[in-house]
Structures are given as C-alpha cells and as structure tokens.
Amino acid sequence: MTSTETSNTQAELPKTFQAEAVEARWLDFWRSGNFFRAGQRPDADPYTIVIPPPNVTGVLHMGHCLPQTIQDVLIRFHRMKGCDALWVPGTDHAGIATQHVVSENLRREGRDPRAMGREAFLEEAWKWKEKSENTIKSQIRSLGCSCDWTRDAFTLDEPRARAVRAAFKMLFDRGLIYRGLYLVNWDPVTLTALSDDEVDYEDEEGMLYHIRYPFADGSKGGATVATTRPETLFGDVAVAVNPQDERYASVVGRMVRLPLTEREIGIIADGFVQSDFGTGMVKITPAHDANDFDCGQRLGLPQLNVFTPDAKLNEHGGRFAGMDRFEARRAVVAALKEQGLLLKEEKYQTRLGRSYRSKAVIEPRLSEQWFVRMKPLAERAAAAVREGDIRILPKSYEGVWFHWLDNVRDWCISRQLWWGHRIPIWYRKGDPSRIVCFDGEGLPPEVAAEPAAWEQDTDVLDTWFSSALWPFSTMGWPEKTGDLARYFPTSVLVTGHDILFFWVARMAMMSYEITGQRPFADIFLHGLIFGKSYYRRHEGHLELIKGAEARELDEMPKLPPGVEFKWEKMSKSKGNVIDPLEMGRLYGMDALRLAITAYASQGRTIDLDRSRIEGYRNFVNKFWNAARFAMMVTQGVTAKEFAAGAPPTGLRVEDRWIQSQLARAVEGCTRSLERYEFDQYVGTLYDFVWKQFCDWYLELAKTRAWAAADVVARESRLASQVTVLEVLETICRLLAPALPFASEEVWQMIRTRLYGVEAGSPAPLLDGPNGAVFTPASLCVAPWPAAGAADQHAEDSVAYLQELVTAIRAIRGEMAVPLDMKVDIRIEEREPARRALLDTASAQIASLATVRSQLVSAAIAPPAFAATQVIRGTTVFVMLPDELRTAERQRLEKEIAHLEKGIAAANAKLANADFTARAPEAVVAKEREKLDRMAADAQAMRARLSALGC
RNA sequence: GGGCGAAUAGCUCAGUUGGUUAGAGCGCCAGCCUUACAAGCUGGAUGUCACAGGUUCGAAUCCUGUUUCGCCCACCA
C-alpha cells in the first residue's frame with residue numbers, strides 16, 4: 001500500500017467536525033487497545049488517581065463531569081509524560097441515599113419496603129445498583145475518561161467489605177471505636193442515626209413560646225420558660241437558670257409542676273443558661289436537646305425519651321401519645337392556652353436541622369450507637385497539611401480544614417439501615433457485655449461454635465466509613481498487593497469542596513491511622529457547577545420559569561422584559577439542570593470537556609454558560625478544518641520526507657516563527673498543567689491554534705504550499721509542508737489531554753496518510769528528527785512534546801509583518817474598500833534589513849492584505865493621494881481613489897488622537913522626576929522608547945494629514 | 001456570631017511576584033460565501049476594574065474601611 005492510495009483527499013473529509021462518529025470510533029479503539037491499563041510501564045514512575053466514586057443513586061449530571069474531565073486531563077497528561085498512569089474507577093453504594101431512592105421506588109410500585117424484610121429489600125437494592133452503575137459507567141466512558149476498568153471497584157463489593165472489616169477491627173482493637181448511649185441526629189423518616197455532618201441547617205420561621213410552670217406547692221407564680229418545642233415538655237426533668245441571675249436566685253431549689261402532667265420537677269442552676277435570652281429560664285429535656293443532654297450529664301439528671309422512632313409522642317405524652325411531633329406541638333400549645341399557662345408566643349427565627357438526604361427535620365434522639373474517637377485521628381490529619389505531607393489547593397481551604405479538625409466531635413458510624421456494610425460485631429445473647437469483633441469471612445469461631453447463642457449487630461456502617469478507606473481499599477488493602485505497593489499513596493485527589501469533611505478529611509484520618517501513609521499528595525478542590533434559572537417578575541414576586549420555555553430563553557441573546565435569571569445550584573426543581581450527554585450530543589464531548597477545563601478555576605461556583613460550550617465547539621471545528629487544510633496542502637509528502645524534517649535550506653522566517661511560538665505554547669501548556677491551572681492551559685492552546693497557527697501561519701503558508709513548482713523552490717515548498725505537519729502533530733499532542741477525540745482523529749489521519757497504516761498498526765520507524773513521532777499506536781500513549789527553542793529574531797520579524805498587514809487591512813476595513821478590489825501599496829522603510837524582509841515576504845503580504853502591487857524603498861515620494869499609516873517608523877501608503885480623501889482625514893485624525901493619548905500618558909510619567917529617579921531603569925527606558933516611537937509616528941501621521949490638504 | 005471567597009465590557013470569564021493606552025469568547029455594528037472552516041474571514045464600538053481612603057514614582061493588582069453577593073462553620077432554648 002502506498003501513501004497515495006490511503007491518503008484522504010479533501011472531498012472525503014466533511015467540512016464540519018463529526019463529533020459523534022469520531023467519538024464512537026476512538027472509544028472503541030481505546031478500549032480494544034487496552035491503552036488505559038496500568039502496569040504496562042514497569043520502569044516508569046507511577047501516577048495514580050482514584051475516582052471520587054459517584055453514588056449509585058441515579059445518573060451523572062453536569063456536576064460530575066467537571067471532576068471526571070479534570071482527572072482525565074491529568075491522567076492523560078501524565079500518561080503522555082511517560083508515567084505509569086492509573087485511574088481507578090468505581091462507584092459508591094451511598095447508604096442512606098440509595099436506600100431512600102430504592103424505598104421510594106418500591107412505594108411508588110405499591111410495595112412496602114419495610115415489610116419486605118432485609119433480604120428481599122437488599123435484592124431490590126442490588127438490582128437498582130446494577131442498573132445505576134451501568135448507566136454511570138457508560139456515561140464516564142462516553143466522556144472519554146481513560147480509566148483502568150480492570151480495577152473497577154464498588155464500595156460495597158467483597159474486596160471493599162474485607163477492607164471495611166479489617167479497618168473496623170483495627171480501630172476497635174486500638175480503642176478508637178466504641179459504643180454508647182448518646183444523643184444522636186435521628187432521621188424519623190428513614191429511621192436512622194446520622195453523623196453531625198449529614199445534617200444541613202436552615203433558618204426557618206418558628207415560634208418561641210413562653211410557658212408557665214406553676215410552683216408545685218400551689219403558691220403564687222412559678223417558672224416561665226421559653227421554648228420553641230413545647231411538645232417535648234413531657235421529657236423535661238428540670239428547669240434551669242443561670243447561677244448568676246439574681247432574679248431567680250430565690251427560686252433555685254423549689255419544685256414546679258410540669259403542665260399537662262402530674263409530674264414535679266426542680267429548678268436548678270447551670271452556667272450554660274443565657275440570662276438575656278427569653279425569660280432566662282430553660283426547660284431541661286436531656287433526651288431531646290443537645291444542650292440539655294450535656295447539662296443533664298453534668299448534673300446527673302435522668303433522661304426521659306418521649307418520642308417513638310418515627311417522632312410520635314410515646315406513652316409519656318399522656319393523652320397526646322401517638323401524635324406526630326408537629327401535630328402534638330399544636331395540640332400542646334392549644335391545651336396550654338386553655339389552661340392559661342401560655343403567657344406569650346412570638347415569631348422566632350430558628351435553625352432547623354434536616355437530613356441531607358431525606359430532608360426530614362432531624363430529631364435529637366437518645367440511642368445506642370457506634371462512634372469513632374476522632375481526636376487522635378484528626379490531629380494527625382491536621383499535622384499532615386501543616387507539615388506539607390498533603391497539599392490543599394486552593395490553599396485557602398487549609399483554614400477550613402484546620403478549623404474542622406480542631407473542633408471535630410466523635411463520629412457516629414452506625415446506621416439503622418439495611419443497605420451498607422454490616423457492623424462486624426456479635427453480641428452474646430443475654431450477656432451484652434460479651435461482644436466479638438471479627439474481620440474474617442463468615443462467622444467468628446465463637447459464634448460458629450454456638451450460632452444460637454450469638455447475634456450480629458443489625459446496624460450497618462455509615463457510607464463514609466467505607467469511602468474513607470477508598471484510596472487503599474481500591475488497591476486491595478488489607479492484602480499486601482502489588483498495586484498497594486506501587487500505586488499507593490495516590491498522586492492527587494480531585495473533588496468538590498463540598499465534601500471536604502465528609503470524605504477528604506476522613507480519608508486522611510483513616511489512611512494515616514491504618515496505613516501510616518498519606519492517601520494522596522495533593523488535594524485539588526474545584527468549584528461547583530451552577531445552572532441558569534429564569535424568573536418572571538410578577539406583581540412584586542419572582543415566578544420560576546421551567547421546561548420548554550426556559551430552554552427557549554437559553555437560546556435568546558436578549559431576555560424579554562420582565563424576565564431575569566439567576567445562577568443557582570443545579571436541581572431538578574429549579575429546572576436548571578444541564579444534562580452532560582445532551583451537551584455532548586449537541587456540541588461534542590470534546591467541546592464540553594474543553595469548556596469544563598477552561599472553567600475549572602479553583603474553588604468557586606461555576607456559572608456554566610452553554611454559549612461557552614458552543615464557543616469551544618467552534619474551536620474544535622476550527623482545529624478540524626486546519627487539519628483538513630493541512631491534508632490538502634501536504635498531498636504527496638512522504639513519510640520519509642516528514643521523518644527527515646523540514647529541509648533547512650527551504651525554511652523561511654514564518655516557519656521559524658511558528659516553531660518558536662509552538663515552543664512557547666508547549667512550555668505554557670506544560671507549566672499550566674503541572675500547576676493545575678487548567679484555564680491557562682486551554683487559553684494557551686486556543687490562542688496558539690486559532691490566532692497563531694490558523695490565522696497567520698496557515699495563511700502565510702498558502703503562498704508556498706499552493707504555488708506552482710516553477711514559482712517556489714522545492715525545498716521551500718517542502719519545508720512549509722513539513723512544518724505544517726510538524727506543528728499540527730504537536731498540537732494534537734498538546735490537545736490530547738483535554739480534547740482526546742478530535743486530536744486522536746487528526747493524529748491518526750496524518751499517521752495513516754504518511755505511513756499508509758491503519759490506527760493501531762505499527763508505523764515503520766524512519767530515520768530523521770521526526771522518525772519516531774508516529775511510532776505509538778495511539779495518540780493517548782504518545783510522548784508529551786518537549787519545548788523547542790524560542791527564536792527571538794523570527795518573532796520580531798513576523799510581528800513586524802503582522803503589524804504591517806493589520807495596518808493595511810485596517811485601512812481597507814475602515815475605508816470600506818471592497819475585498820475584490822486589490823490595492824497598490826508603497827512602503828517607506830529606512831532599515832535595510834526590514835526592506836529585505838519585505839522583499840522576501842511580498843507574496844505573503846499581497847495574499848494576506850489583498851494587495852496588487854507593492855513598492856518598497858528607503859524613501860517614497862508621497863503620492864498625490866493615499867491612505868497612510870505609520871507604524872514604528874515605517875510608512876505604508878495605500879493607494880486609493882481620490883473620493884476617499886475625506887474619509888482618510890477622519891481616519892488619520894482618529895489615529896493621531898489615539899497616539900496622542902498614549903503620548904500624553906507617557907509624557908506625564910516621564911515628566912515626573914520621582915518616576916525617572918525611582919523606577920527601575922529598564923522600566924524608564926521602555927517608557928522613553930515607547931514615547932519616542934509614538935511621537936515619531938504621530939509626527940509623521942500629522943504630516944500626512946496636512947499633506948492631504950482638504 | 002465567627003471564617004472564607006467573589007465583585008473587571010450587555011453575558012461568561014482571564015489578568016501569575018504592582019510597570020499596557022485593561023484583555024478573550026459570546027453578543028453588538030460594518031463589510032465579505034477570498035477554493036480549510038459562515039461553527040468562517042476582515043475591520044470596528046464597548047469599561048469610574050463595586051465604593052471610599054491609604055501605601056507607592058506608579059494600583060485592577062498591596063493595606064484599611066464600606067457596600068453587595070455567595071459559601072462554610074457555630075449548642076442561646
């Protein structure tokens with residue numbers, strides 16, 4: 001097969017980039033080629049990322065795409081840098097969240113999840129998990145994520161269960177896990193305890209009730225307490241005042257009668273009571289309030305639970321028993337009012353805790369739970385960041401990290417759920433003091449010997465317990481696996497700052513405690529994606545606009561009057577969710593990834609505008625068309641010619657210029673990626689590909705690439721062709737981490753064209769500087785480019801030509817010279833070197849500025865009429881019809897005014913003696929040079945203006 | 001109540017240790033289907049860099065205060 005037979009001609013290549021087909025092709029190719037399987041470079045440094053496992057609660061949304069894309073960019077970058085890159089994928093069983101979703105679904109089908117029993121429910125949950133997990137995996141795949149799927153993990157699978165048992169036992173044996181009766185956050189809807197971090201607090205409008213507790217001896221008066229929760233009074237065991245509060249000094253020690261009951265309780269003093277709040281008297285309900293619990297512990301008060309698990313009053317509620325807590329509140333208030341014991345009700349802003357999953361109002365509940373002792377673990381995690389063992393990016397989150405760890409309370413890890421890791425504890429029936437903790441498979445020996453005498457704890461562990469082990473449980477811990485030795489600790493953790501405590505801090509704590517090592521070297525915290533929701537102003541209040549109407553508004557450049565938008569956290573109820581796959585279909589995954597990467601500045605909210613995705617879609621298409629053009633103008637170039645590199649004798653200044661620009665781009669991209677400055681990385685490429693390569697180099701190359709053989713020397717033509725291919729090939733490699741599909745497509749296209757081999761087939765190694773470039777079977781395993789040398793002379797020369805061309809174009813544009821009218825120009829240039837440059841570039845200038853003829857000389861006799869522009873001492877005359885004289889006057893005046901503004905600014909600076917005395921010499925010199933240049937140009941322009949004479 | 005972050009063009013955002021006449025994309029205006037690309041090309045307009053002080057020869061950038069917005073943490077019932 002020869003290269004001509006397999007070459008793509010222009011006609012075969014579509015004018016617009018066909019994202020869908022290209023994505024499918026390379027996804028398949030990468031998968032079958034096993035390119036993402038770690039361990040294929042045993043001598044290379046490992047680079048590891050473990051995915052923050054998405055919850056198997058449903059499908060991925062835009063919020064997930066951000067971390068996945070960033071991780072993939074990092075992994076692909078390091079893979080190309082030669083690392084043994086490993087990205088471990090996986091999913092999280094998400095205890096409460098999943099159990100909640102599965103239960104809801106069952107209820108919708110008319111089934112009662114609780115009545116089904118544990119086994120049957122778990123069966124349903126596993127079914128759900130399979131479905132959700134498959135969806136998530138295929139979504140991650142279609143994003144182009146280069147995960148090593150052979151190492152796929154799930155937080156509830158058997159290897160992870162082994163890790164959970166081992167970790168639990170380890171902590172248990174070290175006394176870091178204990179069980180006790182404490183007040184915990186109870187979710188009365190899902191009927192489980194929650195950790196402190198799983199409770200979201202919201203300000204809500206409530207009432208503060210002042211209730212009179214009459215003296216028990218019947219004497220006049222009593223204690224008036226202020227409370228937001230009158231329904232808990234059945235659990236009161238005391239009334240407390242501040243010991244310093246003189247108003248109540250005399251009543252301390254007296255007894256009062258608890259309203260609506262026959263019970264009597266005492267008035268006590270405790271320092272936590274704030275005298276200036278409410279009445280200065282507080283009812284003490286140790287079983288239902290955290291403060292009161294602490295107070296009760298201090299003073300040895302009894303704990304009286306008055307609620308059932310689903311937050312109905314129990315037998316202590318007397319005639320109110322069986323009522324739901326909110327219903328009971330109304331009833332109790334009504335009864336108190338009737339008895340004249342309700343002295344006052346006032347509106348009051350309270351903070352209500354809600355379950356972060358079920359949104360149910362949390363009820364503090366006294367119950368037997370398992371806890372992790374956090375203090376020693378937290379100290380170690382804090383020290384790790386303080387000492388630089390772990391680096392947090394952006395640094396501003398360090399403060400948050402320390403504050404949380406310094407104030408952390410013990411972690412309640414038991415959950416009264418079914419979906420999760422069973423707590424590996426067995427109790428001896430009838431003797432609760434005898435317990436066994438077992439980390440092996442099946443039953444502990446004692447239990448196996450007498451199964452009937454033991455029962456396993458019915459609770460499961462908090463999801464975050466297994467998540468906390470993730471960086472090493474995915475590596476096979478507690479087994480001493482090869483992966484653990486090679487890939488752990490991991491390189492970086494990429495996640496949102498919203499789970500810094502839930503997850504990140506806990507991984508650090510567990511990892512140091514259990515493995516003695518950090519879980520990751522860097523923590524990169526990204527922003528959270530917000531969506532655009534629309535509102536219509538309607539009689540003073542805002543009305544949410546959803547559905548199709550909102551989609552229409554998305555497309556409108558200007559919103560109709562009365563409609564406004566807000567950026568808000570994406571949620572289904574707001575109707576502002578963007579489906580990543582839909583965006584992928586609309587604009588292509590590459591464009592989506594590029595937009596996300598460019599948006600990934602650190603630690604903020606990200607207002608994702610779809611017009612930005614569209615902008616990058618256009619960029620991908622631009623890149624694609626540059627490739628099409630390259631294929632066109634390099635027809636006939638052989639692999640051997642490419643491998644040998646551009647013939648030096650044929651190189652022109654623009655070839656050296658683009659190579660120099662490329663060197664800077666390579667350096668910029670590399671530096672940005674190493675520093676997690678993703679927006680810089682994308683910005684550098686965008687500018688280089690579009691502004692430098694397409695707008696200038698390819699345009700400059702046209703004159704040679706298309707010229708007939710007798711007009712341009714063969715070497716020159718070949719040099720331009722090879723340069724086009726070299727630069728394009730390097731661009732592919734630079735783009736590959738963020739834009740894997742399009743770059744692979746183009747790269748393989750060049751490879752196939754030159755070598756006549758299909759993707760995946762080995763390309764013959766040829767001699768020459770470029771001989772090895774296409775050796776790898778895929779771009780994703782090609783080496784990251786090394787930065788070449790910058791060429792200052794070439795950069796200056798081309799900058800000069802660019803200014804000249806732009807000046808001529810600007811004149812044409814402002815004077816409205818039609819494009820089909822080629823103009824004649826004269827250039828007055830005193831410097832011989834520049835004249836020489838202009839001579840060699842005349843064909844390029846003609847092509848770029850639509851020029852018919854040009855005359856270059858050290859001195860030009862001013863023509864009768866021409867539009868003129870002076871740039872850096874060079875005068876360009878653009879010969880135009882005389883009727884443009886007036887237009888030219890206006891244009892010159894504007895140009896001169898612009899220059900004068902700059903001159904004035906520079907003059908003011910230089911006139912300041914302090915500036916010339918104190919500013920660094922280089923800065924002053926630069927300013928002076930700038931002033932001289934502008935002054936000379938302005939002078940010349942003024943001369944042209946007066947010569948116009950109209 | 002504490003802490004953190006943000007405020008730059010109509011919109012979304014850059015602006016690295018203070019040194020330009022403050023940038024990009026989208027949108028806008030004018031002109032172009034110039035044989036890679038109309039998802040394009042060329043030219044153009046657009047800013048009290050939230051506000052007020054201060055430091056400095058010089059501030060979008062550093063300091064102080066103010067305002068607005070967002071987030072996190074916190075046991076006044």
Side-chain angles (χ1 to χ4, degrees), chain A residues 10 13 15-17 201 208 225-229 240 272-274 276-278 281-285 289-295 348 350-351 394 396-397 399-400 403-404 407 497-498 500-501 528 530 557-558 565 567 587 591 598-599 601 603-609 611-612 614-633 675 677 679-680 683 686-687 691 694-695 698-699 702 706 806 809-820 847 850 898-899 901-906 909 912-920 922-924 926-927 930 934:
Chain A
Q10 187 202 354
L13 299 175
K15 281 172 88 166
T16 52
F17 181 65
Y201 289 92
L208 188 64
V225 300
T227 181
T228 54
R229 303 210 51 198
F272 94 93
V273 181
Q274 309 271 322
D276 55 356
F277 184 88
M281 287 186 143
V282 194
K283 61 199 266 314
I284 300 297
T285 324
D289 181 276
N291 277 318
D292 298 2
F293 177 81
D294 294 342
C295 175
Y348 184 71
T350 93
R351 281 172 61 75
S396 55
Y397 282 99
V400 186
H403 184 262
W404 187 79
N407 296 288
H497 57 77
D498 53 334
L500 190 60
F501 312 138
L528 269 21
F530 278 40
K558 240 185 207 133
F565 70 86
W567 290 101
Y587 302 114
Y599 260 117
S601 48
R604 286 188 307 103
T605 59
I606 293 169
D607 299 342
L608 186 71
D609 200 321
S611 71
R612 191 107 183 238
E614 197 177 331
Y616 286 111
R617 187 269 316 258
N618 295 353
F619 172 77
V620 174
N621 194 52
K622 186 73 182 178
F623 165 63
W624 168 247
N625 273 289
R628 279 179 73 215
F629 174 77
M631 298 315 277
M632 252 176 77
V633 299
R675 296 184 187 169
E677 288 166 353
D679 53 335
Q680 300 278 342
Y686 190 98
D687 183 78
K691 301 293 167 197
C694 292
D695 286 354
L698 292 185
E699 293 301 328
K702 277 179 183 174
W706 275 348
T806 305
R809 282 173 174 171
I811 287 173
R812 297 186 59 111
E814 284 185 65
M815 311 286 275
V817 178
L819 205 65
D820 53 7
S847 143
T850 327
H898 180 71
L899 275 172
K901 204 173 135 199
I903 291 168
K909 263 192 192 174
N912 184 345
D914 284 332
F915 173 69
T916 46
R918 299 196 196 197
V923 173
V924 178
K926 199 175 147 198
E927 197 66 27
K930 197 172 75 183
M934 287 189 297

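Computation of the quantities below employed the complete heavy-atom set of this structure, encompassing side-chain atoms and omitting hydrogens, waters and symmetry-equivalent molecules.
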When all nucleic acid strands are considered with a 4.0 Å heavy-atom cut-off, which category describes A:Trp567: base, sugar-phosphate, or nothing? sugar-phosphate

Which part of the nucleic acid does A:Ala816 contact within heavy-atom distance under 4.0 Å: base, sugar-phosphate only, or nothing? nothing

Please classify the nucleic acid contact of A:Lys702 as base, sugar-phosphate, or nothing, using heavy-atom distances under 4.0 Å. base

May I ask you to say what A:Lys930 touches in the nucleic acid, namely base, sugar-phosphate or nothing, with a heavy-atom cut-off under 4.0 Å? sugar-phosphate

Pick base, sugar-phosphate or nothing for A:Val633, based on heavy-atom distances below 4.0 Å to the nucleic acid. nothing

Remember a base hit wins even if backbone is also touched, and classify A:Phe565 as base, sugar-phosphate or nothing at under 4.0 Å, heavy atoms. sugar-phosphate

Given the ring of A:Tyr686, does A:Lys622 sit roughly above its face, with NZ or CZ under 6.0 Å from the centre of the six-membered ring and within 45° of the axis? no

Classify the nucleic acid contact of A:Glu614 as base, sugar-phosphate or nothing, counting any heavy atom under 4.0 Å across all strands shown. nothing

Partners meeting side-chain contact (heavy atoms from CB on, under 4.5 Å) with A:Phe277 (sequence neighbours left out): A:Leu208, A:Gln274, A:Tyr348

Residue list, side chain to side chain donor-acceptor pair (under 3.5 Å) with A:Thr16, at least two apart or on another chain: A:Gln18

Give one of base, sugar-phosphate or nothing for A:Thr227, where a contact means two heavy atoms less than 4.0 Å apart. sugar-phosphate

Under 4.0 Å, heavy atoms only, any strand: does A:Arg229 hit a base, just the sugar-phosphate, or nothing? nothing

Just compare B:A36, B:U21, B:C13 and give me whichever is closest to any side-chain atom of A:His898. B:U21

